[in-house]
Amino acid sequence: MNQQSGRSLIEVIGILAISAMMAAGAVTMYGMLRNRQIRTIAVSELEQIAKNTRLLMAPRGDYTGVSVDYLIKAGALANANAPLGTDNWSVTATADGAAFSINLMGLSAGECNFLVASKTAWASQMRVNGYETTVDDYCLSTGDNQVSFIVE
């Protein structure tokens, strides 16, 4: 009687299926961690933009005339790329010039929710899709959210 040792085809397929599920889980986890890191870096960049704008404009006493182009020309920004969302973003002064806002547009629901949850201390107010954030969540499920950080 000849005795053979080894794995059957069903056992090999089972091991491959388990390996594929583990690889898919690892790739998903990597994507989630990468998104969280990108968003954390973006919040840090937004804080730096706010600090640079304050340092640049504080001697004037108001923020009138502030914009992304002005900040680039003055050296407060390296380029016009948005920290998060689409590159259609802006830095604008309030009507009285006493404060300015950093406006990010084209944010996904995940990006919007992350920014709302981050509760930045450097901004005096946050607006999501035109509404001041309070207990309610105003992030849309579509990828067309706008978040504004008002800095005084």
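Any value given below was found using the heavy atoms of this structure, including those in side chains, with hydrogens, waters and symmetry copies removed. Here, residue 1 is the first one in the sequence, and each next residue gets the next number. Remember, it's a predicted structure, so these values are computed and weren't measured experimentally.
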Compute whether any side-chain donor of one residue and acceptor of the other, for Asp144 and Thr142, lie under 3.5 angstrom apart.
-> no
Considering all heavy atoms, the nearest Ala99-Val151 contact | CB-O, 3.1 Å
Atom OH in Tyr63, atom CZ in Arg54: separation rounded to 0.5 Å?
-> 6.0 Å
Taking it one step at a time, do Ser90 and Met105 satisfy side chain to side chain contact (heavy atoms under 4.5 Å, CB included)?
-> CA-CA 9 Å; Ser90 63; Met105 294 165 233; 3.9 Å; yes
Output for pair (Arg127 CZ, Ile150 CD1), nearest 0.5 Å, gives 6.0 Å
Find the distance between OG1 (Thr86) and CG (Leu107) and round it off to the nearest 0.5 Å.
-> 7.5 Å
Check Cys112 against Val128 and note the closest heavy-atom contact, atom names and distance.
-> SG-CG1, 3.6 Å
Aromatic plane relationship, Trp122 with Phe149 - under 30° parallel, 30 to 60° tilted, over 60° perpendicular | tilted
Any donor-acceptor pair under 3.5 Å linking the side chain of Asn129 with the backbone of Tyr138?
-> yes
State whether the side chain of Asn103 and the backbone N or O of Trp89 hold a donor-acceptor pair below 3.5 Å, judged by distance alone.
-> no
Smallest heavy-atom separation, Leu115 atom then Met126 atom, equals O-CE, 3.4 Å
Pairwise distance CG(Leu104) to CG(Asn88) - rounded to 0.5 angstrom = 10.5 Å
Taking every non-hydrogen atom, the tightest pair across Ser124 and Glu152 | OG-CG, 3.4 Å
In residues 23-48, what donor-acceptor pairs under 3.5 Å come from side-chain atoms, sequence neighbours left out?
unit_1	atom_1	unit_2	atom_2	d
Thr28	OG1	Ala24	O	2.9
Thr40	OG1	Arg36	O	2.8
Gln48	NE2	Asn52	OD1	3.1

Rounded to the nearest 0.5 Å, how far apart are CD1 of Ile49 and CZ of Phe100?
-> 9.5 Å
Donor-acceptor contacts, no H, no angles, side chain residues 66-84, under 3.5 Å, sequence neighbours left out:
unit_1	atom_1	unit_2	atom_2	d
Ser67	OG	Tyr70	N	3.1
Asn79	OD1	Asn81	N	3.0

Can you name the closest pair of heavy atoms from Thr64 and Met57 and give their distance?
-> O-CE, 3.7 Å
Transitively linked via ILVMFWY side-chain contacts under 4.5 Å: Leu140 with Tyr131?
-> no
Decide if atom CG of Leu16 counts as having more than 12 heavy atoms of other residues, nucleotides or ligands within a radius under 6.0 Å.
-> yes
